[in-house]
Number of protein chains: 2
Amino acid sequence: MKKEPVSLKDIAKQLNVSISTVSRALRNKGEINPETRKGIIELAKKLKFRPNPLATGLLNKKTSTIGIVIPEIENYFYSTILRGMDSVASLSGYRLIVSYTNDNQTNEILAIQELMLSRVDGIIACPSSELYDFTHYYDIIDNNIPLVIFEREPEEIPTYKVVTDNIKSSIEVTEHLISKRCRRIAFITNLEPLAAGRLRYEGYKMALKKHNIPLDHELIIHGNMNISTSVEATINLLKKKPLPDAIIGNNDMVAMVAMKIAKEKGFRIPQDIAVAGFADEPFSSFLEPSLTSVGQPAYLIGMKSLEIMLQMINGDIPINEDKKIVLESALVIRDSTKR
Amino acid sequence: MKKEPVSLKDIAKQLNVSISTVSRALRNKGEINPETRKGIIELAKKLKFRPNPLATGLLNKKTSTIGIVIPEIENYFYSTILRGMDSVASLSGYRLIVSYTNDNQTNEILAIQELMLSRVDGIIACPSSELYDFTHYYDIIDNNIPLVIFEREPEEIPTYKVVTDNIKSSIEVTEHLISKRCRRIAFITNLEPLAAGRLRYEGYKMALKKHNIPLDHELIIHGNMNISTSVEATINLLKKKPLPDAIIGNNDMVAMVAMKIAKEKGFRIPQDIAVAGFADEPFSSFLEPSLTSVGQPAYLIGMKSLEIMLQMINGDIPINEDKKIVLESALVIRDSTKR
DNA sequence: TTGAAAGCGTTACCAG
DNA sequence: CTGGTAACGCTTTCAA
């Protein structure tokens with residue numbers, strides 16, 4: 001049914017030359033009669049010939065395809081990372097195959113298996129935060145397939161990682177709140193082993209310690225960062241005595257929910273409770289009050305991950321190095337913490 | 001460098017049988033000695049053999065890959081569509097290659113060329129709204145490559161289209177505002193030839209006409225729907241005399257911007273000006289006031305497009321039919337229009 | 001029941 | 001300068 005694309009054979013037949021001659025002419029390799037070459041190139045252009053990637057791939061064992069394993073896509077942070085990756089990939093003639101894990105390990109294992117069966121040239125993955133089993137990553141490494149990890153920092157996986165300065169930026173936002181005379185700072189976060197939230201929690205603790213503010217475990221709420229758990233978390237926080245005077249959400253969605261619930265309960269923001277988030281979503285400056293947030297270099301994470309991957313594939317850097325690239329975040333102060 | 005995956009040849013060698021025997025055993029085709037078969041299957045499982053998709057693809061001229069052409073991805077609406085597509089594709093053993101056009105025709109043409117060169121089995125595209133040249137689509141059709149269009153409805157491209165009931169839902173939101181005694185309803189929208197905004201504008205006009213409200217062209221602002229143009233559009237609207245008493249934004253981002261600007265200028269929402277949007281983004285219920293919006297069946301658009309594509313590929317439906325699948329939207333009424 | 005061979009489209013190598 | 005051939009990994013057809 002599908003009309004067949006032109007092949008070298010077609011061109012060879014029409015011009016009464018051999019397939020190898022056509023191949024050579026088109027890739028300008030080896031000696032060749034300029035006349036013959038010109039004719040071949042012309043016909044090829046006319047027929048819109050382009051080598052079948054399946055055939056070349058079969059030959060040099062390359063698919064020109066990179067597998068991406070990412071938790072979600074309906075999320076500005078991750079979709080921006082993806083676009084950063086795509087921008088580099090498409091410029092270099094690579095295609096991306098994207099798998100979504102929902103931050104769930106079972107999906108992740110399946111995704112990686114599928115990608116390896118698809119014979120991708122490399123895998124760039126964000127391991128799910130609950131990760132406790134690393135065999136599927138060792139599988140990638142054992143097969144000498146280039147692997148780049150992004151956003152999460154599993155020490156158990158010895159390879160390149162592209163991450164952000166979670167601890168530092170968390171210290172920064174916490175100190176910002178402290179400078180605004182907040183003393184009971186609550187933190188709604190994801191404390192799963194590999195979650196960025198866990199590192200941010202470390203930063204938070206360091207900031208408190210530095211300023212001699214006692215850590216109150218009551219103010220730390222572990223959640224999986226969806227809307228309903230965030231609602232619940234906030235309601236619980238607002239029952240604590242004494243009340244928290246600030247809430248940090250592990251992302252802007254959580255912070256947004258916290259603000260809404262607090263306002264509904266009659267608290268003024270930021271006067272009664274200051275609120276801050278992470279990731280600086282486009283909507284954050286439009287909330288009421290506008291939301292203070294730690295901006296993440298999402299696009300850059302994507303670009304950088306893909307650049308490293310390409311270097312690995314091209315053999316410019318070894319594929320078995322355990323190295324961490326840390327990109328900088330930037331605190332964006334808005335009305336939700338101005339008091 | 002990369003460790004070679006096991007091939008039929010490897011298995012054949014180890015078991016001292018021919019490649020064809022192994023192939024037959026594994027796919028349970030043709031007569032074969034149950035003993036031999038068992039041995040082969042066992043070894044294959046142990047070695048984690050899986051056929052090289054490049055080789056099979058070369059043989060049956062299939063890549064098991066579907067190309068997606070989509071305007072953006074950092075946008076809940078489009079990323080949800082994409083996930084809908086992915087959910088169906090991954091269940092059917094298809095991979096998706098996604099290209100982003102930024103709603104720009106030049107990018108779109110390049111994307112489609114690239115996809116065709118990659119030999120995708122089918123293309124699902126959202127043509128850019130400014131589209132005036134359709135040759136690249138005719139190119140797809142001429143090559144007998146299955147094509148599905150989504151979200152936009154170009155009459156010039158005779159193929160399956162998966163769209164939403166833009167006119168109807170626009171009538172609905174406009175009538176909703178009219179029922180709230182709004183008479184000067186402004187519309188910030190994208191009027192490019194293929195934009196959904198154009199159809200929504202039609203619906204808007206029909207609703208006004210039905211209720212004998214004169215159309216005031218001053219209240220229609222054409223924009224490309226980014227934040228800065230929306231800011232400008234709103235500022236202009238708020239200078240009109242008499243003032244608009246409602247603003248419809250062509251998406252929730254626009255409506256969000258309009259609300260913010262109007263509030264900053266001292267207008268009360270919805271009392272002075274009611275506001276509504278399209279697409280019902282997750283943040284919309286968290287705005288102040290919560291935003292009335294037309295919910296779009298994004299996930300369904302994605303699923304449906306891919307289902308149709310698979311049917312085309314499988315030959316269950318002809319690939320040259322000009323048919324439109326219309327999915328229903330649902331108006332979500334919130335505080336921004338409750339007056 | 002099994003094996004050999006052709007072919008998918010391409011490239012690389014070796015003769016001529 | 002050009003053509004033939006082998007090879008990539010797989011499926012299918014034809015013989016044995």
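Source: prediction; values computed, not measured. Proteins get letters first, then strands, A, B, ... in listed order; numbering begins at 1 in each.
- If you check every strand for non-hydrogen atoms under 4.0 Å, B:Leu59 touches a base.
- An OP1 or OP2 oxygen of D:dT11 is reached within less than 4.0 angstrom by a side-chain nitrogen or oxygen of B:Ser23.
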List the steps and the verdict of side chain to side chain donor-acceptor pair (under 3.5 Å) for B:Tyr137 and B:Glu156.
CA-CA 10 Å; B:Tyr137 286 103; B:Glu156 293 86 347; over 6 Å; no

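- Within the 4.0 Å cut-off from OP1 or OP2 of D:dG9, at least one side-chain nitrogen or oxygen of A:Lys61 is found.
- Ion pairing between A:Glu72 and B:Arg83 fails under the 4.0 Å rule for side-chain N and carboxylate O.
- Among the heavy atoms of the strands lying under 4.0 Å from B:Ser7 are primed sugar atoms or P, OP1, OP2 only; no base atom is included.
- Within the 4.0 angstrom heavy-atom criterion, base atoms lie near B:Leu8.
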With salt bridge (charged side-chain N to carboxylate O under 4.0 Å, His left out) as the criterion, how do A:Glu307 and A:Lys304 come out once you've worked through the C-alpha distance, each side chain's angles and the decisive distance to 0.1 Å?
CA-CA 5 Å; A:Glu307 279 167 9; A:Lys304 201 74 202 163; 3.8 Å; yes

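- Sorted by residue number, the members of residues 33-48 of chain B with any non-hydrogen atom under 4.0 Å from DNA chain C read B:Asn33, B:Thr36.
- Minimum interatomic distance between B:Asn143 and B:Asp139 (heavy atoms only, all atoms of both residues): ND2-O, 2.8 Å.
- In terms of heavy-atom proximity, A:Glu74 sits nearest to B:Ser79 at CA-OG, 3.5 Å.
- With a heavy-atom cut-off of 4.0 Å to chain B, the contacted part of DNA chain C has its first and last nucleotide at C:dT1 to C:dG9.
- Here B:Leu54 lies out of heavy-atom contact (under 4.0 Å) with every strand.
- Under a 3.5 Å cut-off, the side chain of B:Asn33 and the backbone N or O of B:Glu35 do form a donor-acceptor pair.
- We find that CG of A:Asn16 is positioned 9 Å from P of D:dG3, with the value rounded to whole Å.
- Checking B:Ala55 against B:Arg24, the closest nucleotide of DNA chain C that is more toward the 5' end is the one next to B:Arg24.
- Without hydrogens or angle criteria, B:Asn107 side chain to B:Thr101 main chain gives a donor-acceptor distance under 3.5 Å.
- Heavy-atom minimum distance, B:Leu194 versus B:Pro127: CD1-CB, 3.9 Å.
- Here B:Ser20 lies in heavy-atom contact (under 4.0 Å) with a base.
- The nearest whole Å value for the distance from the CD1 atom in B:Ile19 to the P atom in D:dT13 is 18 Å.
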